[in-house]
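These notes concern the structure reproduced below.
Computed from a predicted model, the values in this text were never measured in an experiment. Remember, it's 1-based here, ligands and their atoms both numbered in the order they're listed.
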Amino acid sequence: MQAYPLFIGGEWVDAASRQTFTTQNPADTRETVATYASAGPAEVRQAFDAAAAAFPAWSAQTSVARGRILSQASQILATRKAALAQLLTREEGKTLAEATGEVQRAIDIFRFYGGLSYTLGGQTLPHDLPGNFLYTRRDPLGVVALITPWNFPVAIPVWKTAPALLCGNTVVLKPASATPALALEVAKALAEAGLPKGVLNVVTGPGKAFGDEVVTHRSVAAVSFTGSHSVGTQLYTGLAPRMVRAQMEMGGKNPTIVLADADLDLAARLVAIAGFGLTGQACTATSRVIVERSVLDAFTEKLVAKAKAIQVGNGLKEGITMGPAVSESQLKTNLQYIDIATGEGATLVTGGKRLTQGDHAHGWFMEPAILTGVKPGSRLACEEVFGPVVGIIAVDDFEQAITVANEVEFGLSASLVTRDFGRAMRYVDRIQAGVVKVNQISTGLALQAPFGGVKGSSTDSFREQGLAALDFYTRSRTVYLDYSA
Ligand code: ADP
């Protein structure tokens with residue numbers, strides 16, 4: 001078992017209170033994965049002070065020099081890929097294949113921003129008058145606070161940290177308490193890559209203690225948060241009086257629309273991956289399938305077959321295609337939503353039972369669940385579950401499908417399965433989602449493309465990832481030079 005202290009000012013330090021917490025393997029809760037120091041307000045303050053002290057020197061380096069460290073971290077992580085993927089699976093529960101893909105994503109994100117370091121710059125513009133030079137430059141913001149959820153314990157910390165550092169900011173990162181190991185491993189790799197002390201600080205511990213300090217600490221220049229709608233809203237309103245730049249990525253209730261002309265085998269495959277892959281624990285997971293009534297039975301039959309073929313178990317084992325829920329409380333939520341849905345008139349057509357026998361005896365396992373007859377406006381049709389629970393909603397036609405898809409308060413990701421180009425394009429025009437897919441899974445993002453939601457899924461101010469991240473982590477200034485005299 002590993003013990004991780006806090007990473008503050010380039011040193012590995014315990015909390016003054018000596019308080020710690022542990023994580024358990026969700027596939028076998030008898031196994032403690034790691035022990036962590038629990039940061040209170042004093043340590044959080046120290047981390048922000050360390051980041052503030054490191055800012056002048058770090059921001060004075062060229063972006064190329066900073067990028068070199070990111071590229072080096074990418075290479076260091078690549079040498080540890082297999083071990084980090086194992087650690088990720090043991091702590092979060094996703095399958096080893098999923099965890100390996102996520103670690104590779106982190107490696108690639110560092111590589112991407114490392115390369116981009118050669119291009120970080122502004123715009124030159126023609127001035128109205130001759131003998132004038134008009135340009136913009138990108139400047140770092142200062143200290144940024146990054147708050148990340150448990151479901152992508154390495155990809156999300158890295159897609160926030162890498163662009164923040166590239167742009168010359170210093171960082172305090174607070175990973176989710178259920179899965180902090182990978183964020184600390186990233187800090188280790190960055191330190192080995194030559195990141196100066198205090199440029200990145202990682203504190204583990206209760207979200208509330210961290211959030212309270214983020215809201216009040218004068219050196220916090222920006223906050224990037226991914227997590228629940230309730231915490232995101234609370235933080236955003238807390239930051240508003242100081243007008244701190246903030247980006248909140250929150251939940252989703254993502255639809256996959258299946259039109260009557262669709263390849264139903266493809267549709268079933270896409271929904272099975274996007275709904276049950278990662279145990280449904282992705283903010284872009286498909287949780288609603290909106291199906292034209294004429295193909296409802298044929299589609300449902302194919303999706304049920306896919307769900308039944310899923311092998312639930314410990315993600316480290318060969319042949320397992322779906323891991324456990326991350327925690328007991330998440331498992332309870334998943335099962336509760338099945339009761340809520342059947343109570344509202346939906347029919348459970350497959351799965352939905354907790355698994356407790358044999359290899360499943362010590363983990364938070366359940367069968368992937370499919371419910372039919374889900375009514376638009378019912379709780380399962382509107383509320384995020386964050387588990388392998390897919391509700392099928394029947395509609396009469398394309399028009400109704402779009403209406404139903406849009407009548408939730410979220411708008412993160414959506415997919416449409418069809419062979420009809422015209423309807424696909426009309427869906428692209430009208431669907432209320434930040435990520436719009438056609439004939440693809442609703443999950444899965446390109447690291448080089450902007451990512452974010454609309455409506456209740458996001459503050460919808462700045463996008464994450466790709467070049468869009470540079471807009472969030474820098475401020476633009478405009479320079480007027482007159483050499484006409
Ligand atoms: P999730 O259930 O997806 O992890 P949460 O919103 O509960 O969503 O948590 C997301 C992140 O926000 C975690 O790192 C958590 O510790 C942190 N967090 C929780 N409460 C607060 C708060 N009051 N202020 C700041 N961060 C918080």
Exceeds 12 heavy-atom contacts within 6.0 angstrom, atom CZ of R463: yes

Just list the side-chain donor-acceptor pairs under 3.5 Å for residues 184-200, sequence neighbours left out, or say none.
| unit_1 | atom_1 | unit_2 | atom_2 | d |
| --- | --- | --- | --- | --- |
| E185 | OE2 | Y4 | OH | 2.6 |
| E185 | OE2 | K188 | NZ | 3.2 |
| E192 | OE1 | R80 | NH2 | 2.5 |
| E192 | OE2 | R80 | NH1 | 3.4 |
| E192 | OE2 | R80 | NH2 | 3.3 |
| K197 | NZ | E11 | OE2 | 3.1 |

With E31 via salt bridge (charged side-chain N to carboxylate O under 4.0 Å, His left out) - residues at least two apart: R90

Aromatic contact, W150 with F386 (centres under 6.0 Å): yes

Set of residues that line ligand 1, where lining means a heavy atom lies under 4.0 Å from it: I147, T148, P149, W150, K174, P175, A176, G207, K208, G211, F225, T226, G227, S228, V231, Q234, L235

Centroid separation F48 to F210 less than 6.0 Å: yes

Contacts of type salt bridge (charged side-chain N to carboxylate O under 4.0 Å, His left out), residue K160, not counting sequence neighbours: E464

